[in-house]
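Reminder, nothing fancy here: chain letters follow the sequence lines and each chain counts from 1.
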2 protein chains.
Amino acid sequence: MAPSSPRRARQLSERRDRILAAARDLAEEQGWEAVTTRRLADAIEYSQPVLYGHFPQGRTEIVTAVALTGFEELAVALGSLGDAGSDAERMRALVRAYLDFAGRHPATYDAMFLLPVLVPFASDDTPAVVRQGFDAITSTLSRLESPPDDVGTAAEVLWGAVHGLAALHRAGRLAAGNEDLRIEALVRLVAGGAGSRDPGASAG
Amino acid sequence: MAPSSPRRARQLSERRDRILAAARDLAEEQGWEAVTTRRLADAIEYSQPVLYGHFPQGRTEIVTAVALTGFEELAVALGSLGDAGSDAERMRALVRAYLDFAGRHPATYDAMFLLPVLVPFASDDTPAVVRQGFDAITSTLSRLESPPDDVGTAAEVLWGAVHGLAALHRAGRLAAGNEDLRIEALVRLVAGGAGSRDPGASAG
DNA sequence: TCGATGATCTAGCAATGCTAGAAAATCTAG
DNA sequence: CTAGATTTTCTAGCATTGCTAGATCATCGA
């Protein structure tokens with residue numbers, strides 16, 4: 001048989017990665033509706049059935065895999081914020097990092113939260129990377145000077161709030177140019193008015 | 001020619017309504033991916049091209065029309081809440097009404113906020129019904145005992161928060177059964193802890 | 001060199017949104 | 001009541017989609 005050993009395994013793994021990279025690039029550049037199995041096959045210079053060798057569940061499984069890379073990146077972005085600064089500063093950093101990610105990788109974010117995907121959520125089988133993003137929110141909340149009684153519930157609400165802003169923004173539903181105002185309003189709501197100098201939010 | 005006059009006009013209008021009803025029913029029962037032009041044509045007992053007579057932009061325009069009926073219903077639901085009660089009570093009524101609508105008509109809500117749709121948002125041409133829902137949020141906020149400085153921005157954030165909860169809930173991302181806790185947490189956040197007796201949220 | 005095993009491709013299916021052109025129905029004129 | 005014009009509707013088809021069965025090609029061990 002072909003080198004069933006390390007070399008072949010590495011080739012397969014690389015080809016899998018190329019499929020995911022092609023899918024994500026295509027999606028970010030032209031939207032998910034442009035991510036067809038034929039175009040993906042073209043991109044990796046193989047025929048369509050090869051895709052199904054890597055992802056037996058087909059296109060949906062590819063979207064899922066892209067979503068998981070997104071969850072990983074989001075977890076890293078939210079997990080590396082440090083715990084210096086005031087309540088409001090840490091909260092602002094969290095919100096900004098989240099919205100930044102959603103804004104920089106809109107199609108990936110769609111895969112994570114909008115598109116149908118083969119991941120069990122809110123379950124014992126939920127992948128660790130998915131949980132880690134949520135944990136970053138929880139931990140920021142529990143570090144507040146006066147943390148909410150029920151941190152878990154508060155984290156769900158805060159997550160909902162940032163996700164809502166991201167989703168509405170992405171769908172073009174919010175007034176353009178008010179992003180910073182919204183962030184400050186949310187931060188004040190969650191972290192309280194005091195505890196930090198005004199950030200002088202003036203960035204575009 | 002055919003009765004170009006009132007009768008014919010009424011027939012056309014009725015057929016248009018039947019298309020929309022069929023689309024909405026199908027979507028609520030089997031999801032939007034089941035809403036195909038062939039199935040719609042079957043449902044109204046005409047052939048596919050008839051659909052394009054009513055909706056020249058095709059399927060997307062049908063989804064758009066369903067979304068607009070949804071915005072209308074949402075505006076009615078949020079606009080008929082009355083201004084009795086404490087800050088927290090009014091805010092709770094608003095949030096509940098919004099999440100209720102989203103929960104009762106998930107596919108319609110998808111059309112309004114998830115699917116691509118031919119409506120100009122955040123623009124001068126935004127349909128009135130779309131604006132009215134937002135206005136209900138704004139008005140509830142401005143009636144608070146101590147309203148936020150920037151009601152418009154606060155309304156965007158609150159809208160984001162409820163939409164986020166609705167979206168995450170719909171996508172199965174939130175712990176089941178905690179809905180009431182989340183609502184109370186959000187209400188407390190926006191309307192302040194005081195001003196109302198605890199509602200004893202114990203409903204399923 | 002040959003047969004077996006694995007990898008890959010070709011070609012096709014059923015379903016989708018949409019549309020051109022034929023057919024049918026309806027109205028107006030005589 | 002009939003004939004022509006007009007409007008309405010349908011049939012049939014295109015290109016695209018996700019996916020897959022079966023043929024073809026490459027690689028390996030003996």
* Asked: Within less than 4.0 Å of OP1 or OP2 of D:dT17, is there a side-chain N or O belonging to A:R39?
  ->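 Looking at the OP1 and OP2 atoms of D:dT17, one of them is under 4.0 Å from a side-chain N or O of A:R39.
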* Under 4.0 Å between a side-chain N or O of B:R8 and OP1 or OP2 of D:dT7? ->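 The answer is no; no side-chain N or O of B:R8 sits under 4.0 Å from OP1 or OP2.
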* Asked: So which pairs with a foot in residues 98-117 of chain B pass salt bridge (Lys or Arg N to Asp or Glu O under 4.0 Å), sequence neighbours left out?
  ->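 Output for this query lists B:D100-B:R104, B:D110-B:R170.
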* Residues which pass ring-ring contact (aromatic ring centres under 6.0 Å, His included) with B:Y46, listed by chain and number, not counting sequence neighbours ->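 Counting only residues at least two positions away or on another chain, B:Y46 forms no ring-ring contact (aromatic ring centres under 6.0 Å, His included).
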* Residues that A:H169 engages under ring-ring contact (aromatic ring centres under 6.0 Å, His included), provided they are two or more places apart ->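 Not a single residue meets the ring-ring contact (aromatic ring centres under 6.0 Å, His included) criterion with A:H169.
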* Assess whether atom CD of A:E45 is packed by more than 12 heavy atoms of other residues, nucleotides or ligands within 6.0 Å. =>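 Result for CD/A:E45: open.
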* To do: Please report, rounded to the nearest Å, how far the P atom of D:dT7 is from the CD atom of B:Q11.
  =>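 Roughly 17 Å, once rounded to whole Å.
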* Asked: What integer distance in Å separates A:L115:CG from D:dG18:P?
  ->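 In whole Å, D:dG18 P lies 13 Å from A:L115 CG.
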* Asked: Hey, can you pull the residues of residues 12-38 of chain B with a non-hydrogen atom under 4.0 angstrom from DNA chain C?
  ->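 Those residues whose heavy atoms fall under 4.0 Å from DNA chain C, taken from residues 12-38 of chain B in numerical order, are B:V35, B:T36, B:T37, B:R38.
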* Please list residues of residues 44-63 of chain B whose heavy atoms come under 4.0 Å from any atom in DNA chain C, ordered by number; otherwise none. =>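 When residues 44-63 of chain B is checked for heavy atoms under 4.0 Å from DNA chain C, the hits, listed by number, are B:Q48, B:P49, B:Y52, B:Q57, B:G58, B:R59.
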For residues 51-67 of chain B, please give each side-chain donor-acceptor pair under 3.5 Å, one per line with the distance, not counting sequence neighbours.
{"residue": "B:H54", "atom": "NE2", "partner": "B:R15", "partner atom": "NE", "Å": "2.9"}
{"residue": "B:H54", "atom": "NE2", "partner": "B:R15", "partner atom": "NH2", "Å": "3.3"}
{"residue": "B:R59", "atom": "NH1", "partner": "B:W32", "partner atom": "O", "Å": "3.1"}
{"residue": "B:R59", "atom": "NH1", "partner": "B:V35", "partner atom": "O", "Å": "2.5"}
{"residue": "B:E61", "atom": "OE1", "partner": "B:Q57", "partner atom": "N", "Å": "2.7"}
{"residue": "B:T64", "atom": "OG1", "partner": "B:T60", "partner atom": "O", "Å": "2.7"}
{"residue": "B:T64", "atom": "OG1", "partner": "B:L118", "partner atom": "N", "Å": "2.9"}

Tell me which donor-acceptor pairs under 3.5 Å the side chains of residues 149-160 of chain A have, and how far apart each pair is, sequence neighbours excluded?
{"residue": "A:D150", "atom": "OD1", "partner": "A:G152", "partner atom": "N", "Å": "3.2"}
{"residue": "A:D150", "atom": "OD1", "partner": "A:T153", "partner atom": "N", "Å": "3.0"}
{"residue": "A:D150", "atom": "OD1", "partner": "A:T153", "partner atom": "OG1", "Å": "3.4"}
{"residue": "A:D150", "atom": "OD2", "partner": "A:T153", "partner atom": "OG1", "Å": "2.6"}
{"residue": "A:E156", "atom": "OE1", "partner": "B:R182", "partner atom": "NH1", "Å": "2.7"}
{"residue": "A:E156", "atom": "OE2", "partner": "B:A175", "partner atom": "N", "Å": "3.1"}
{"residue": "A:W159", "atom": "NE1", "partner": "A:Y98", "partner atom": "OH", "Å": "3.2"}

Would you list the atom pairs, donor with acceptor, under 3.5 Å between side chains in residues 72-85 of chain B and any protein atom, with sequence neighbours excluded?
{"residue": "B:E73", "atom": "OE1", "partner": "B:R24", "partner atom": "NH2", "Å": "3.1"}
{"residue": "B:E73", "atom": "OE2", "partner": "B:R24", "partner atom": "NH1", "Å": "2.8"}
{"residue": "B:E73", "atom": "OE2", "partner": "B:R24", "partner atom": "NH2", "Å": "3.3"}
{"residue": "B:S80", "atom": "OG", "partner": "B:V76", "partner atom": "O", "Å": "3.0"}

* **side chain to side chain donor-acceptor pair (under 3.5 Å) partners of A:R143, counting only residues at least two apart** =>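 Listed in chain order: A:S139.
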